[in-house]
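Below is one structure, written out as structure tokens; the observations come after it.
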Amino acid sequence: MKEFPAVNSETGAAAPRVAVLLPCYNEAGAIVQTVEDFRRALPHADIYVFDNNSSDGSRELAAGAGAIVRRVAQQGKGHVVRRMFADVDADIYVMADGDATYEAAAAPRMVAAMLEDNLDMVVGSRRDEVEAAYRRGHRFGNWALTTLLKQLFGRSFTDILSGYRVFSRRFVKSFPVLSAGFEIETEMSVHALELAMPVAEVVTAYGARPEGSVSKLSTYRDGFRILRTIITLYRIERPILFFGIIAALLAVLGLALAAPLIVTYMETGLVPRFPTAILVTGLMILATLSAMCGLILDTVVRGRREVRLLSYLGFRAPSDYARP
């Protein structure tokens with residue numbers, strides 16, 4: 001993988017405005033370390049902590065560490081990301097979790113990668129440093145969901161569930177956040193793929209949580225939510241293929257049931273099984289309706305995609321912010 005030099009911290013006022021966004025929910029044992037690590041890595045960046053109803057003093061600790069603290073009442077990471085993207089004004093956005101598991105020292109390389117190649121999203125592909133970094137089942141779940149996304153959308157990332165990402169302004173301000181929970185990373189990946197945005201991945205270290213910090217991710221419940229999100233996004237973004245598969249299955253089933261009826265009719269001139277004939281007729285009607293739904297919805301999706309693309313094109317590329 002290509003290596004990028006660190007961002008020059010002496011670029012002065014001409015440098016793009018960088019904001020570090022840290023979602024936080026009961027991270028008293030890690031939030032101070034996370035803020036301090038990103039302060040050292042990106043000394044000129046504004047560091048925001050968006051607290052999601054913490055009850056362990058995380059909000060006060062973050063403010064004491066020098067972060068700009070905002071509160072989000074609606075529970076769920078998706079709601080937090082929606083508020084972060086809406087409320088914070090910057091040229092480049094660095095998003096990580098407030099649990100001190102992501103390598104803050106990699107942030108300058110990720111920002112440099114964005115500026116050098118005019119990228120819209122750089123994903124921190126996680127390389128775990130210790131066995132405890134991933135909970136049981138997370139590796140397999142991440143691989144399975146990443147593979148599924150690639151099969152459905154034609155291309156993917158090596159780590160679609162990474163919460164460590166760098167975004168351009170045009171990505172953030174053109175991204176309609178619809179998710180409520182941890183499936184937000186999947187939605188981000190699909191948004192970039194659907195608009196054919198220039199993206200890249202940078203390998204970063206991924207460590208275990210500090211003592212006292214507990215993961216809020218439920219392996220099975222959130223895994224199924226992410227799976228449901230992938231299927232839903234496939235239905236929304238690829239309606240011809242989604243409804244075409246349904247139409248094909250219904251048509252095949254209808255033809256399989258109709259075959260004996262056709263043979264009997266050819267031999268005797270009679271149709272003795274009327275219920276089966278009615279069922280076949282219904283299946284073929286449903287197959288036709290499904291195919292037509294796919295065609296109609298594809299036109300709607302194309303219009304929505306054009307609107308998102310026009311919104312995206314309304315902002316300058318990341319490297320242009322250094323220009324007067």
Side-chain angles (χ1 to χ4, degrees), residues 6-7 9 17-72 75-85 87-88 90 92-112 114 121-130 132-135 138 159 161-167 172 181-182 184-185 188 202-217:
V7 171
S9 61
R17 297 169 299 162
V18 179
V20 178
L21 309 177
L22 302 173
C24 175
Y25 174 56
N26 287 339
E27 295 292 357
I31 191 62
V32 172
Q33 178 185 338
T34 305
V35 171
E36 292 175 348
D37 287 348
F38 276 100
R39 176 67 66 201
R40 284 191 294 269
L42 298 169
H44 296 290
D46 294 324
I47 299 180
Y48 292 83
V49 172
F50 278 72
D51 183 75
N52 198 198
N53 303 313
S54 293
S55 57
D56 63 350
S58 296
R59 196 159 50 245
E60 293 76 13
L61 290 170
I68 303 170
V69 180
R70 304 278 174 82
R71 181 174 177 271
V72 180
Q75 198 67 37
K77 188 175 182 180
H79 294 303
V80 175
V81 172
R82 184 181 301 111
R83 290 264 47 88
M84 292 194 302
F85 284 4
D87 296 351
V88 176
I92 293 177
Y93 299 77
V94 180
M95 188 182 80
D97 292 337
D99 55 13
T101 55
Y102 291 109
E103 182 188 9
R109 287 191 292 119
M110 296 170 70
V111 173
M114 173 166 288
M121 182 170 69
V122 179
V123 180
S125 181
R126 293 171 289 182
R127 181 189 68 245
D128 52 304
E129 299 293 296
V130 294
Y134 280 101
R135 290 165 57 193
H138 281 196
D159 187 4
L161 301 185
S162 174
Y164 194 13
R165 302 179 184 227
V166 176
F167 305 101
V172 166
F182 286 104
I184 183 65
E185 284 88 2
M188 291 173 178
V202 173
V203 175
T204 62
Y206 184 66
R209 287 170 169 267
E211 185 176 353
S213 178
V214 179
S215 175
K216 317 306 182 298
L217 180 66

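The residues of the chain are indexed from 1 along the displayed sequence. In this text the structure is predicted, and so the values were computed from the model without any measurement.
With hydrogens and angles ignored, the 3.5 Å screen pairs a side-chain donor or acceptor of D56 with a backbone N or O of A28. A donor-acceptor distance shorter than 3.5 angstrom exists from the side chain of S162 to the backbone of G124, with no hydrogens or angles considered. Listed for the S125 side chain is no donor-acceptor partner under 3.5 Å among the backbone atoms of V203. In this structure a side-chain-to-backbone donor-acceptor pair under 3.5 Å is missing from N52 to Y25. Checked by atom type and distance alone, the side chain of N26 never pairs as donor or acceptor with a backbone atom of S58 at under 3.5 Å.
A distance of 7.5 Å separates CZ in R109 from OG1 in T204, rounded to the nearest 0.5 Å. Atom CZ in R126 sits 4.0 Å away from atom CG in D159 (nearest 0.5 Å). Taking CG from L42 and CD1 from I92, the interatomic distance works out to 9.5 Å, rounded to the nearest 0.5 Å. For the atom pair L61 CG and E27 CD, the distance stands at 11.5 Å (nearest 0.5 Å). For the atom pair CZ of R59 and CG of N53, the computed distance is 7.5 Å after rounding to the nearest 0.5 Å. One distance of note links CZ of F50 with CG of L22; it measures 10.0 Å at 0.5 Å rounding.
Under the ring-ring contact (aromatic ring centres under 6.0 Å, His included) criterion, Y93 pairs with no residue, sequence neighbours left out. Applying the side-chain contact (heavy atoms from CB on, under 4.5 Å) rule to R82 yields the partners H79, V177; only residues at least two apart in sequence or on another chain are considered. For R39, the side-chain contact (heavy atoms from CB on, under 4.5 Å) test picks out I47, with sequence neighbours left out.
The two residues A90 and A19 have their closest heavy-atom pair at CB-CB, 3.7 Å. Closest approach of A100 and T34 over heavy atoms only: N-OG1, 3.0 Å. When all heavy atoms of A104 and A41 are compared, the closest pair comes out as O-CB, 3.2 Å. Of all heavy-atom pairs between V80 and P23, the closest is CG1-CB, 3.9 Å. Across V49 and A67, no two heavy atoms sit closer than the pair CG2-CB, 3.7 Å. Between V166 and M110 the shortest heavy-atom distance is CG2-CB, 3.6 Å.
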Original post:
Stepwise, does the side-chain contact (heavy atoms from CB on, under 4.5 Å) test hold for M84 with Y48?
Top reply: CA-CA 9 Å; M84 292 194 302; Y48 292 83; over 6 Å; no
**OP:** Any chance you could lay out the salt bridge (charged side-chain N to carboxylate O under 4.0 Å, His left out) test for E185 and R165, step after step, and finish with the verdict?
**Re:** CA-CA 9 Å; E185 284 88 2; R165 302 179 184 227; 6.0 Å; no
Original post:
For V94 and Y164, what are the C-alpha separation, side-chain angles and deciding distance, and is it a side-chain contact (heavy atoms from CB on, under 4.5 Å)?
Top reply: CA-CA 8 Å; V94 180; Y164 194 13; 4.1 Å; yes
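Ring geometry, Y102 versus Y206: the interplanar angle falls from 30° to 60°, so the pair is classed tilted.
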